[in-house]
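Quick notes on the structure that follows.
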Amino acid sequence: MTKTNGYAARDRSWHPPALTPLYKTSVTRSPRFAPIGAATSLSEETGPVFGHDILGAKDNDLITNFAAPGEMAIGPRIVVQGHVRDEFGRPVPHTLVEVWQANAGGRYRHKKEGYLAPLDPNFGGCGRCITDENGFYEFLTVKPGPYPWPNGPDDWRPAHIHVSVFGHSFAQRLITQMYFEGDPMIWQCPIVGTIPTREAIETLVAKLDRPGSIPMNSLCYQFDITLRGRRQTMFENRMEGM
């Protein structure tokens, strides 16, 4: 197995190309020249390091972490959980996992949001946690809604949650999107369409886990994340990293 600076090298044919014209903003975002390789520094291979002292008591509970006292976010309640592992199946413990998402109506809490769906005053749309010794993470949230976006005449994003991972160094940095099993809109999305194979797309689809659900409370979705290597979880929409 080829390695780079002690980390399994990424298989760039597994990830989408930087330039994909049907995803219009990739035209201006994609590089114009071939990438240049460079040796990494010690600080890039050993940092950053995050500790549990940066977390708040409700950071991984998006249902209540922005809500007024006694209130909760509106929408179907779900649990999102999984494991962060490396290419060889080894857990990556003490890893910062951050999420952000639209509310149940498909609207983000952002000053430049253009979709007319209502804001939920008790939903902030972001959270974070740190994986345990087994690389396990968990969030409580509401299932986000789909929303239109100005890519084509009538393009819509499927329901999704953005996920950011800081592993044990910048070499394990990853930003991706998680979709939901059974959503037909996944296969109509121009962003998803940039990914070369169905097998790769399926790695971004969280599976419904009824045994992990909380009776009369929340459905559970399992989403495992792989850092680096031949089967690394897809980057959100571009090639990056060492």
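Because the structure is a prediction, the values reported are computed rather than measured.
A distance of 4.5 Å separates CG in L55 from CD1 in I130, rounded to the nearest 0.5 Å. Distance check, rounded to the nearest 0.5 Å: NZ of K207 to CG of D224 gives 9.5 Å. Separation of atoms CD1 (I214) and SG (C220) is listed at 8.0 Å; rounding is to 0.5 Å. A distance of 11.5 Å separates CZ of R85 from CG of L227, quoted to the nearest 0.5 Å. The structure places CG of D120 at 9.5 Å from CD of E71, a figure rounded to the nearest 0.5 Å. A distance of 9.5 Å separates CG in L174 from OG1 in T226, rounded to the nearest 0.5 Å.
Looking at Q222 and E181, their side chains never come closer than 4.5 Å, going by heavy atoms from C-beta outward. Side-chain contact between L204 and Q177 is absent, with no heavy-atom pair separated by less than 4.5 Å. Using a 4.5 Å heavy-atom threshold, the side chains of Y179 and V192 count as touching.
For Y221, the ring-ring contact (aromatic ring centres under 6.0 Å, His included) partners at least two apart in sequence or on another chain are F180. Here D86 pairs with R90 under the side-chain hydrogen bond (donor to acceptor under 3.5 Å, both in side chains) rule; sequence neighbours left out. In terms of the ring-ring contact (aromatic ring centres under 6.0 Å, His included) criterion, W187 has no residue partners (sequence neighbours excluded). For S164, the side-chain contact (heavy atoms from CB on, under 4.5 Å) partners are E98, W100, R173, I175, not counting sequence neighbours. By the side-chain hydrogen bond (donor to acceptor under 3.5 Å, both in side chains) test, R107 pairs with no residue at all, sequence neighbours left out.
Judged purely by distance below 3.5 Å, without hydrogens or angles, the side chains of N217 and R77 pair a donor atom with an acceptor atom.
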Exercise for review: Show your working on side chain to side chain contact (heavy atoms under 4.5 Å, CB included) between H94 and E133 and close with a plain yes or no.
Suggested key: CA-CA 7 Å; H94 313 306; E133 294 293 336; 2.9 Å; yes
**Study point:** Full working for side chain to side chain contact (heavy atoms under 4.5 Å, CB included) between V80 and V99
**Key:** CA-CA 10 Å; V80 176; V99 295; over 6 Å; no
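L22 and M185 fall into different hydrophobic clusters, where Ile, Leu, Val, Met, Phe, Trp and Tyr residues are linked whenever their side-chain heavy atoms come under 4.5 Å apart, directly or through other members. Cluster annotation: L19 is not connected to I195 through the hydrophobic network of ILVMFWY side chains, with a link wherever side-chain heavy atoms come within less than 4.5 Å. Residues I63 and V97 share a single hydrophobic cluster, defined by chaining ILVMFWY side chains whose heavy atoms lie under 4.5 Å apart. Under a hydrophobic clustering in which Ile, Leu, Val, Met, Phe, Trp and Tyr are joined whenever their side-chain heavy atoms come within less than 4.5 Å, directly or via other members, F66 and L140 fall into different clusters. Linking Ile, Leu, Val, Met, Phe, Trp and Tyr whenever their side-chain heavy atoms come within less than 4.5 Å leaves I74 and L62 in two separate clusters.
Side-chain atoms of T95 do not come within 3.5 Å of backbone N or O of V165 as any donor-acceptor pair. Side-chain N or O atoms of T64 include none that pairs as donor or acceptor with a backbone N or O of M72 at under 3.5 Å. Counting only distance, with no hydrogens or angles, the side chain of R32 and the backbone of S30 share a donor-acceptor pair below 3.5 Å. Although no hydrogens or angles enter the test, the distance criterion places no donor-acceptor pair under 3.5 Å between the side chain of N134 and the main chain of F136. Side-chain atoms of N60 never come within 3.5 Å of backbone atoms of F139 as a donor-acceptor pair (strictly under, hydrogens ignored). With hydrogens and angles disregarded, a donor-acceptor distance shorter than 3.5 Å links the side chain of N122 to the backbone of A68.
P144 and A102 make their closest contact through CB-O, 3.4 Å (heavy atoms, listed as atom of the first residue, atom of the second, distance). Minimum heavy-atom separation, T233 to F223: CG2-CZ, 4.4 Å. Considering every non-hydrogen atom in both T194 and I191, the closest pair reads OG1-O, 2.7 Å. Residues S213 and S218 approach most closely at CB-O, 3.2 Å, considering heavy atoms. S26 approaches P21 most closely through the heavy-atom pair OG-N, 4.1 Å. In plain terms, the two heavy atoms of G135 and P91 that are nearest each other are N-CB, 3.9 Å.
Open room surrounds NZ on K58; 12 or fewer heavy atoms of other groups in view lie less than 6.0 Å from it.
Paired with W149 under the rule ring pair (Phe, Tyr, Trp, His ring centres under 6.0 Å), one option of Y23, W156, Y115 passes, and it is Y23.
A salt bridge is absent between E113 and R109: the closest approach of a Lys/Arg side-chain nitrogen to an acidic carboxylate oxygen does not fall below 4.0 angstrom.
Within the structure, the side chain to side chain donor-acceptor pair (under 3.5 Å) test picks out the following pairs touching residues 135-147 (sequence neighbours left out): Q81-E138, Q101-T141, Y108-Y147, Y147-H160.
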